[in-house]
S.K.: 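Have a look at this one before I ask anything.
Lettering of chains follows the sequences in order, A, B, ..., and the numbering in each one begins at 1.
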Amino acid sequence: MNAHKRRQMYERLQAALPAPTTELHYRSPFELLIAVILSAQATDKSVNQATATLFQAASTPQAMLALGVDGVKAHVRRIGLFNSKAQNIIKTCRILVEQHGGQVPRDRAALEALPGVGRKTANVVLNTAFGEPTIAVDTHIFRVANRTGLAPGKTVRQVEDRLLKVTPPEFRHDAHHWLILHGRYTCTARRPRCGQCLIADLCDWPDKAAAVAAAGTAQAA
DNA sequence: AACTCGGGGCA
DNA sequence: TGCCCAGAGTT
């Protein structure tokens with residue numbers, strides 16, 4: 001995919017998709033951080049369901065510490081990986097209180113030093129809470145970047161670096177938002193909906209034609 | 001690079 | 001039923 005096509009891709013996604021916002025529910029950088037920690041390998045629906053009651057019980061790191069691991073678990077039991085996530089949340093809150101004045105640090109290294117926070121979570125917080133032009137590569141974006149030829153790469157870090165390079169500056173802050181929505185609702189992992197894709201004509205995916213045809217016969221049948 | 005954690009959603 | 005989910009940590 002060349003520079004012209006990339007720009008066209010972003011322009012179309014920007015025009016068609018809703019204003020940039022997370023689908024996770026949060027009211028502060030702290031709540032965002034916790035929600036993103038919980039969202040690893042989980043659906044946003046299940047996360048929002050859990051945080052609705054969790055944040056009512058505790059919306060600050062101090063209050064979260066008062067809940068304790070078992071208290072947190074009681075709210076997040078229906079989310080996958082909840083055991084390690086509950087422990088990580090408490091450890092993270094302790095560090096926030098002891099080393100960062102109870103605030104979420106606006107610093108990549110400090111964020112990634114928090115238990116349960118990796119490259120992706122740090123990027124989301126930096127972008128969404130602090131407005132920095134990071135691109136958080138998750139499974140959706142990794143798939144879209146490779147499938148369309150927008151920014152191919154074998155590792156998440158490779159895709160992230162390439163995305164930052166090939167994304168025009170004016171799109172860089174919101175690219176994450178558009179790419180993830182596109183991957184989630186159109187360029188899905190299984191049975192991508194190429195027939196109703198806004199950018200199918202710009203996409204390099206070899207199986208695109210087959211996918212369109214399959215969708216057509218599936219609807220006809 | 002491969003493995004593990006993990007309940008829920010969806011075809 | 002099998003595959004996937006807005007990943008991170010360990011080996």
S.K.: Using the C1' atom in both, what is the distance from C/dC4 to B/dG6, to the nearest Å?
M.R.: 13 Å
S.K.: Taking the side chain as C-beta and beyond, is there a heavy-atom pair between A/Pro192 and A/Arg147 under 4.5 Å?
M.R.: yes
S.K.: Indicate yes or no: at least one non-hydrogen side-chain atom of A/Val156 is less than 4.5 angstrom from one of A/Val159.
M.R.: no
S.K.: Please tell me if A/Arg143 has a side-chain N or O lying less than 4.0 Å from either OP1 or OP2 of C/dA6.
M.R.: no
S.K.: A/Ile79 has an atom CD1; how far is it from atom C1' of B/dG6, in whole Å?
M.R.: 11 Å
S.K.: Rounding to a whole Å, what distance do you find between A/Phe82:CZ and C/dA8:C1'?
M.R.: 17 Å
S.K.: Could you give the distance separating B/dA11 and C/dA6 at their P atoms, to the nearest angstrom?
M.R.: 13 Å
S.K.: Both A/Asn88 and A/Asp44 contact DNA chain C. Which one's nearest nucleotide lies toward the 5' end?
M.R.: A/Asp44
S.K.: Just to confirm, is there a sub-4.0 Å distance from OP1 or OP2 of C/dC5 to any side-chain nitrogen or oxygen of A/Gln41?
M.R.: no
S.K.: Can you work out whether A/Gly116 or A/His140 has the more 5'-proximal nearest nucleotide on DNA chain C?
M.R.: A/His140
S.K.: At under 4.0 Å between heavy atoms, what does A/Leu114 touch on the DNA or RNA strands: base, sugar-phosphate, or nothing?
M.R.: sugar-phosphate
S.K.: May I ask you to evaluate whether A/Ser46 reaches the phosphate of C/dC5, defined as a side-chain N or O under 4.0 Å from OP1 or OP2?
M.R.: no
S.K.: Give the rounded distance in Å between these two atoms: CG of A/Asp174 and P of C/dA6.
M.R.: 20 Å
S.K.: For A/Lys45 and for A/Ala42, locate the closest nucleotide of DNA chain B by heavy-atom distance; then report the residue assigned to the nucleotide nearer the 5' terminus.
M.R.: A/Ala42
S.K.: Ignoring backbone atoms, test whether A/Arg190 places a side-chain nitrogen or oxygen under 4.0 Å from the OP1 or OP2 oxygen of C/dC4.
M.R.: no
S.K.: Could you check which of C/dA6, C/dC5, B/dG6 has an atom nearest any side-chain atom of A/His176?
M.R.: C/dA6
S.K.: Give the cluster check for A/Leu126 versus A/Ile135: same hydrophobic cluster or not, with ILVMFWY residues linked at side-chain heavy-atom distances below 4.5 Å.
M.R.: no
S.K.: Can A/Asn83 and A/Lys73 be counted as having a side-chain donor-acceptor contact under 3.5 angstrom?
M.R.: yes
S.K.: What's the CD-C1' distance between A/Gln87 and C/dA8, to the nearest Å?
M.R.: 14 Å
S.K.: Take atom P in B/dC3 and the same atom in C/dC3, then report the distance between them in whole Å.
M.R.: 16 Å
S.K.: Looking for any heavy atom pair under 4.0 Å, which part of the strands does A/Asn83 touch: base, sugar-phosphate only, or nothing?
M.R.: sugar-phosphate
S.K.: Which whole-number value in Å describes the distance from A/His75 NE2 to B/dG7 P?
M.R.: 19 Å
S.K.: What's A/Val36 touching, base or sugar-phosphate or nothing? Going by heavy atoms closer than 4.0 Å.
M.R.: nothing
S.K.: We want to know whether A/Tyr10 and A/Thr167 form a side-chain donor-acceptor pair, criterion being a heavy-atom distance below 3.5 angstrom.
M.R.: yes
S.K.: Between A/Asp161 and A/Lys165 (salt bridge meaning N to carboxylate O under 4.0 Å), is one present in this structure?
M.R.: no
S.K.: Strictly below 4.0 Å: does A/Thr43 bring a side-chain N or O up to OP1 or OP2 of C/dC4?
M.R.: no
S.K.: Considering every strand and a 4.0 Å limit on heavy-atom distances, what is the contact class for A/Gly80: base, sugar-phosphate, or nothing?
M.R.: base
S.K.: Out of C/dC4, C/dG7, C/dA6, which nucleotide sits closest to the side chain of A/Ser39?
M.R.: C/dA6
S.K.: Write down the distance between CG (A/Leu38) and C1' (C/dC5), rounded to a whole number of angstrom.
M.R.: 14 Å
S.K.: If you define the side chain from C-beta out and look only at heavy atoms, does anything of A/His140 sit under 4.5 Å from A/Cys187?
M.R.: no
S.K.: Round to the nearest Å and state the distance from A/Ile34 atom CD1 to C/dA8 atom C1'.
M.R.: 15 Å
S.K.: Whole-Å distance between B/dA1 C1' and A/Arg157 CZ?
M.R.: 17 Å
S.K.: When you measure from the side-chain N and O atoms of A/Arg78 to the phosphate of B/dG8, is any distance below 4.0 Å, counting only OP1 and OP2?
M.R.: yes
S.K.: Which part of the nucleic acid does A/Ser84 contact within heavy-atom distance under 4.0 Å: base, sugar-phosphate only, or nothing?
M.R.: sugar-phosphate
